[in-house]
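Reviewing the structure listed below.
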Amino acid sequence: METVSIRKTVLFVQIWVMLNVSPSVALCRFPAFSKLQLPLQTIGPEASAFDRKGGGPYTGIADGRIVKYQGPRVGFTDFAVTSPNRTKAKCDGKNGPELQQICGRPFGLGFYYKTGDLYITDAFYGLVVVGPSGGLVTRVPSFQGRNFAFLDALDIDQRTGVVYFVDSGAIFLTGNTTRIVESGDISGRLFKYDIATKQVTLLLSGLSGPIGVALSKDNSYVLITESIAQRIRRFWLKGAKANSSDVFANVDGIPDNIKRTVLGDFWVAISNTKQRTTFSLGQRINRFGKVVETCNFTAQYKSPNGITEVQEYKGKLYVGSLDQNFIGVFGV
Ligand SMILES: *[C@@H]1O[C@H](CO)[C@@H](O)[C@H](O)[C@H]1NC(C)=O
Ligand SMILES: *[C@@H]1O[C@H](CO)[C@@H](O)[C@H](O)[C@H]1NC(C)=O
Ligand SMILES: *[C@@H]1O[C@H](CO)[C@@H](O)[C@H](O)[C@H]1NC(C)=O
Ligand SMILES: *[C@@H]1O[C@H](CO)[C@@H](O)[C@H](O)[C@H]1NC(C)=O
């Protein structure tokens with residue numbers, strides 16, 4: 001009798017432990033890998049976006065173009081450029097950092113569905129916008145008439161028409177990850193741009209290498225990845241804590257872009273260098289800051305720079321990078 005009740009207690013404790021503490025990390029639901037091949041001699045699809053009709057993905061590449069995927073038969077075609085000085089002869093297929101000040105380097109992309117316009121954060125040309133048929137972008141007014149140091153990522157509130165974006169800090173112009181991480185820089189800033197009033201407002205300064213931004217599903221806060229501090233910061237937009245920030249989650253590795261899912265979780269692209277090897281992971285984090293799914297992309301991304309973005313769209317993950325010649329697609 002007693003043994004049975006002890007056994008029952010042991011079993012109960014085991015089940016309780018299983019349900020509550022392990023495994024905290026679910027298996028990856030996206031095992032099948034395929035590639036969307038970029039145009040010849042191009043690399044670096046850092047981030048992706050889909051338009052309001054589901055067209056794309058669109059992506060900014062290292063030679064300064066924004067290209068649009070048109071399906072497997074056509075592949076990617078030119079969509080927009082961020083630099084007025086860019087010529088195809090000078091820039092197409094040239095991926096080196098030395099030409100990017102002339103050719104442009106678009107990183108963050110986001111469509112504003114109401115107008116169909118595409119907003120872009122270009123490292124050298126700032127926050128810019130282009131209409132639904134593409135072409136040369138228009139510059140958005142900067143903050144207090146001064147150029148930004150290095151714009152990386154953005155996210156758009158579709159309800160209010162506000163673009164949230166981050167300036168990573170001038171140290172990012174060096175392009176040297178080791179130097180950036182070792183710098184301990186805290187000059188990064190979070191801004192918002194109101195599309196209707198055309199006003200740029202500084203929301204938060206003192207950020208340590210901000211390179212990703214995502215708005216929460218209920219619009220109450222914005223998450224910012226701090227690549228140098230290796231954590232995710234939360235800036236409150238609403239409620240009692242409005243205009244203040246706190247740490248949402250710490251990250252084991254360098255977090256890059258962060259993208260919200262339809263259900264309100266967030267995918268974070270993480271590069272983690274251990275024993276001189278870079279591991280590339282995508283982690284899905286819930287609204288409590290807990291990791292609920294981990295996908296390991298290391299086998300498909302054998303490069304020192306790892307991955308830059310994991311975005312879930314219609315049951316697939318779209319994975320970005322700085323040095324591959326494809327967008328990785330992971331499905332079921
Ligand atoms: C772009 O071209 C204009 C002239 O067309 C020139 O004044 C300007 O310096 C150029 N800018 C860059 C970044 O090359
Ligand atoms: C990057 O920065 C580190 C630390 O400052 C330095 O040792 C290294 O030589 C730099 N690498 C390049 C390619 O400049
Ligand atoms: C937050 O800051 C904005 C201006 O930047 C201000 O209008 C608003 O009242 C502030 N909210 C709180 C709760 O302090
Ligand atoms: C990811 O996969 C690589 C091999 O491709 C492996 O060496 C590494 O341990 C894995 N990391 C995690 C966290 O699963």
Side-chain angles (χ1 to χ4, degrees), residues 21-35 43-44 46 62 94-101 105 123-124 149-150 152 168-188 208-209 211-212 225-232 249-259 265-286 289-312 316-332:
V21 295
S22 74
S24 63
V25 176
L27 288 175
C28 179
R29 294 167 297 150
F30 306 90
F33 173 58
S34 60
K35 295 176 179 179
I43 58 168
E46 201 264 348
K94 307 281 178 20
N95 303 310
E98 60 287 347
L99 277 181
Q100 287 178 349
Q101 284 210 37
R105 183 49 171 121
F124 302 99
F150 188 98
D152 195 322
S168 313
I171 187 78
F172 281 77
L173 291 166
T174 66
N176 178 334
T177 308
T178 311
R179 199 166 148 196
I180 292 166
V181 171
E182 284 173 357
S183 72
D185 186 84
I186 52 159
S187 69
S208 188
I211 57 175
T225 54
E226 292 185 276
S227 59
I228 296 171
Q230 302 195 357
R231 68 186 169 210
I232 301 168
N250 288 299
V251 177
D252 183 20
I254 298 174
D256 199 330
N257 289 346
I258 180 164
K259 302 295 281 188
D265 292 341
F266 302 90
W267 279 102
V268 188
I270 299 167
S271 298
N272 191 335
T273 303
K274 283 181 178 150
Q275 281 131 26
R276 294 216 204 113
T277 309
T278 299
F279 299 105
S280 295
L281 301 177
Q283 289 198 322
R284 183 162 57 90
I285 299 181
N286 70 12
K290 186 170 180 270
V291 175
V292 287
E293 183 173 3
T294 297
C295 291
N296 188 348
F297 305 116
T298 310
Q300 293 83 11
Y301 287 84
K302 288 195 187 75
S303 79
N305 288 315
I307 61 168
T308 53
E309 177 170 284
V310 178
Q311 178 170 185
E312 189 171 338
K316 290 188 172 128
L317 297 183
Y318 292 83
V319 177
S321 74
L322 289 175
D323 43 19
Q324 306 291 347
N325 63 3
F326 60 86
I327 293 178
V329 184
F330 292 80
V332 287

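Read the numbers this way: they start at 1 and go in the same order the structure lists the ligands and their atoms. Predicted model, so just to flag it, every value in this text is computed and none were measured.
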Heavy atoms of the protein only: does one fall short of 4.0 Å from atom 7 (O) of ligand 2?
no
Atom indices of ligand 4 within 4.0 angstrom of Phe279 heavy atoms, with elements:
7 (O), 8 (C)
Return the closest protein heavy atom for atom 4 (C) of ligand 2 as residue, atom name and distance.
Glu182 OE1, 3.6 Å
Do the rings of Phe330 and Phe297 sit parallel, tilted or perpendicular, given the 30° and 60° boundaries?
tilted
Under 3.5 Å, side chain of Ser208 to main-chain N/O of Ile228, donor-acceptor pair present?
no
Nearest neighbour of atom 11 (N) of ligand 4 from the list Leu281, Thr294, Asn296, on a heavy-atom basis:
Asn296
Would you say the side-chain atoms of Ser187 and Asp185 include a donor-acceptor pair closer than 3.5 Å?
yes
Intermediate values then yes/no, side-chain hydrogen bond (donor to acceptor under 3.5 Å, both in side chains), Ser303 and Asn305:
CA-CA 5 Å; Ser303 79; Asn305 288 315; 5.4 Å; no
Any sub-3.5 Å donor-acceptor pair from Ser227's side-chain atoms to Ile254's backbone N or O?
no
Which ligand 2 atoms, with their elements, are less than 4.0 angstrom from a heavy-atom of Asn176?
1 (C), 2 (O), 3 (C), 8 (C), 10 (C), 11 (N), 12 (C), 14 (O)
To the nearest 0.5 Å, how far apart are OG1 in Thr298 and CG in Leu281?
5.5 Å
Protein non-hydrogen atom below 4.0 angstrom of atom 14 (O) of ligand 2 present
yes
With a cut-off of 4.0 Å, which atoms of ligand 2 are near a heavy atom of Arg179?
2 (O), 5 (O)
